[in-house]
Number of protein chains: 2
Amino acid sequence: MNDPFHRPEKQPLYAAVRDAVLERIGSGLLAPGDMLPSEFALADEFQVSQGTVRKALDDLAARNLVVRRQGKGTFVAAHTPERALFHFFHIVADDGARELPTKSRVLSCRRRRPDREEAAALHLARADRVVEIRRIREMDGKAAITETVCVPAQWFPDLDKRAIEEVPNELYQMYEERYGITVHRASEKLRAVSASSENADQLGIKPGSPLLEISRVAETLDGRPVELRRSRCLTDGRHYQSVIV
Amino acid sequence: MNDPFHRPEKQPLYAAVRDAVLERIGSGLLAPGDMLPSEFALADEFQVSQGTVRKALDDLAARNLVVRRQGKGTFVAAHTPERALFHFFHIVADDGARELPTKSRVLSCRRRRPDREEAAALHLARADRVVEIRRIREMDGKAAITETVCVPAQWFPDLDKRAIEEVPNELYQMYEERYGITVHRASEKLRAVSASSENADQLGIKPGSPLLEISRVAETLDGRPVELRRSRCLTDGRHYQSVIV
DNA sequence: CAGTGGTCTAGACCACATC
DNA sequence: ATGTGGTCTAGACCACTGG
């Protein structure tokens, strides 16, 4: 049934409502962009007051899982290009301008076994397969970032067979639309590294130059890791912007 | 008067209550650690319902400005060592262990004119004065971070005269307790840079080695910049951890 | 116009902390 | 026992959206 509405001991009512709605989103019963039932409809369904449903939905809205729009309804959050850019792309020009990586040149797109790091990050066995995409992203007209994206092949069945030209600049929207996988949160580890000779060639710099390495693990709603993305970025007139609230 | 309780055109009631409480915190009328009046007391004072006060306080709690504790009360957020560490210190060992910089060796502590970058970041004129603290922070027993902290001298009148040994490891708690200045939010810019010969000496590495440069501007509640902190960190077995929700 | 979320109220009861 | 925040209800009215 699609009605797992339990209150497992002392959990507040609104939390049970929240989790029930969450379950429908996670299971795909409610897809990104869909409108949720109205507050009153949910209140009626779960036999709680409208205020309790409101608190549950406000909670989900605070976590960016749904978007509430007065007069229209409550909708499951979707990956728009702006959201992807503002939410997941943190490289900014030093003058504060938000320059997006306009072009990206795909170097390769293949299917292979994961290395130790990838297997660990994506919770895979060494015998499993991953699809690896390597590309160079340009900013302000010049090559600025080398990127190696790695995803479990089982969830992205034909990704390696797509023509290289078909890979869009914004991957997360494609994950969502084409494979039904919504990236919800990510954690990034940043380090300073020396450019390898390969990096140097790709970015037009001297080997040994300092590069900002960003190692990102992206997760779905239910916490499964879906992507390991290792980027090396030239921080020349640019920086990684982090806000601590 | 301490009662600027206006509703400037179409602003929700709870927002007016929130701003009124905020005003008391910002003005120092309510200091960090102080307990706020109870929900009913505030409701009575502002002539609104308790639910409206609740919404106002929940809003402040969501912004980390107050802390609510069931059965005890609502308190103005204060800088505990843990808060400082978990909230503002993002360097983590690669195995995930949260190693704090135990020791810090202060190299100098002096009063001088700001350079162009400092003046811009701290909204000062070139004729103003700043206090500069330079130090080396150790992690895991080895020198790992060089740090230059810069604050407006006018708000920290005798900071430069304090004995170097007196400067504590956690500065923000001292800012709050000794100067009544609460750091509330910060923004950090990260870059990869090459170690200068000075950096190399300080950290025991070769000149030119890649270092993670973190340039942080810390702000008070009302958005005034109070500190420019430039750190250069050896990311060897460590990284800067950033979570995107 | 009907339907949606947003605000606000008044009151009840619960859970926790302190004396 | 008292006072605090946390949950939940029922209902009123407002503001916005779209047919």
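Convention: sequence-line order gives letters A, B, ...; per-chain numbering from 1.
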Separation of atom [atom1] in [X] from atom [atom2] in [N], rounded to whole Å:
X       : N      : atom1 : atom2 : value
A/Phe75 : D/dT17 : CZ    : P     : 12 Å
A/Leu42 : C/dT4  : CG    : P     : 11 Å
B/Gln50 : C/dG11 : CD    : P     : 12 Å
B/Glu39 : C/dA15 : CD    : P     : 17 Å
B/Lys10 : C/dT7  : NZ    : P     : 12 Å
B/Met35 : D/dG3  : CE    : P     : 12 Å
B/Gln11 : C/dG6  : CD    : C1'   : 14 Å
A/Leu13 : C/dA15 : CG    : C1'   : 15 Å

For B/Arg69, answer base if it contacts any base atom (sugar-phosphate contacts may also be present), sugar-phosphate if it contacts only those atoms, and nothing otherwise; contact means non-hydrogen atoms under 4.0 Å.
sugar-phosphate
Indicate, with a heavy-atom threshold strictly under 4.0 Å, whether A/Tyr14 touches base, sugar-phosphate, or nothing.
sugar-phosphate
Look at the side chain of A/Arg54 and the base of C/dG6, then say whether one donor and one acceptor between them are separated by less than 3.5 Å.
yes
Looking at [N], I'd like to know if its phosphate oxygens (OP1 or OP2) sit under 4.0 Å from a side-chain N or O belonging to [X].
X       : N      : answer
B/Lys55 : C/dT7  : yes
B/Thr74 : D/dG5  : yes
A/Lys72 : D/dG18 : yes

Do NZ/NE/NH1/NH2 and the carboxylate oxygens of [X] and [Y] come within less than 4.0 Å?
X        : Y        : result
A/Glu219 : A/Arg224 : no
A/Arg54  : A/Asp59  : no
A/Arg18  : A/Asp58  : no

What do you reckon, is CZ of B/Arg105 surrounded by more than 12 foreign heavy atoms closer than 6.0 Å?
no
Please compare B/Phe40 and B/Thr52 by the position of their nearest nucleotide in DNA chain C and report the one closer to 5'.
B/Thr52
Choosing from C/dA10, C/dT4, D/dT4, which nucleotide comes nearest the side chain of B/Ser38?
D/dT4
Nearest of D/dA15, D/dA10, D/dT7 to any side-chain atom of A/Gln70?
D/dA15
Under a 3.5 Å threshold, yes or no: a donor from one side chain and an acceptor from the other, between [X] and [Y]?
X        : Y        : value
A/Asn169 : A/Arg137 : yes
B/Asp44  : B/Gln50  : no
B/Thr182 : B/Tyr172 : no

Where each residue is assigned the nucleotide of DNA chain D containing its nearest heavy atom, which of A/Gly71 and A/Val53 is assigned the position nearer the 5′ end?
A/Val53
Within residues 58-68 of chain B, which residues have any heavy atom lying less than 4.0 Å from an atom of DNA chain C?
none
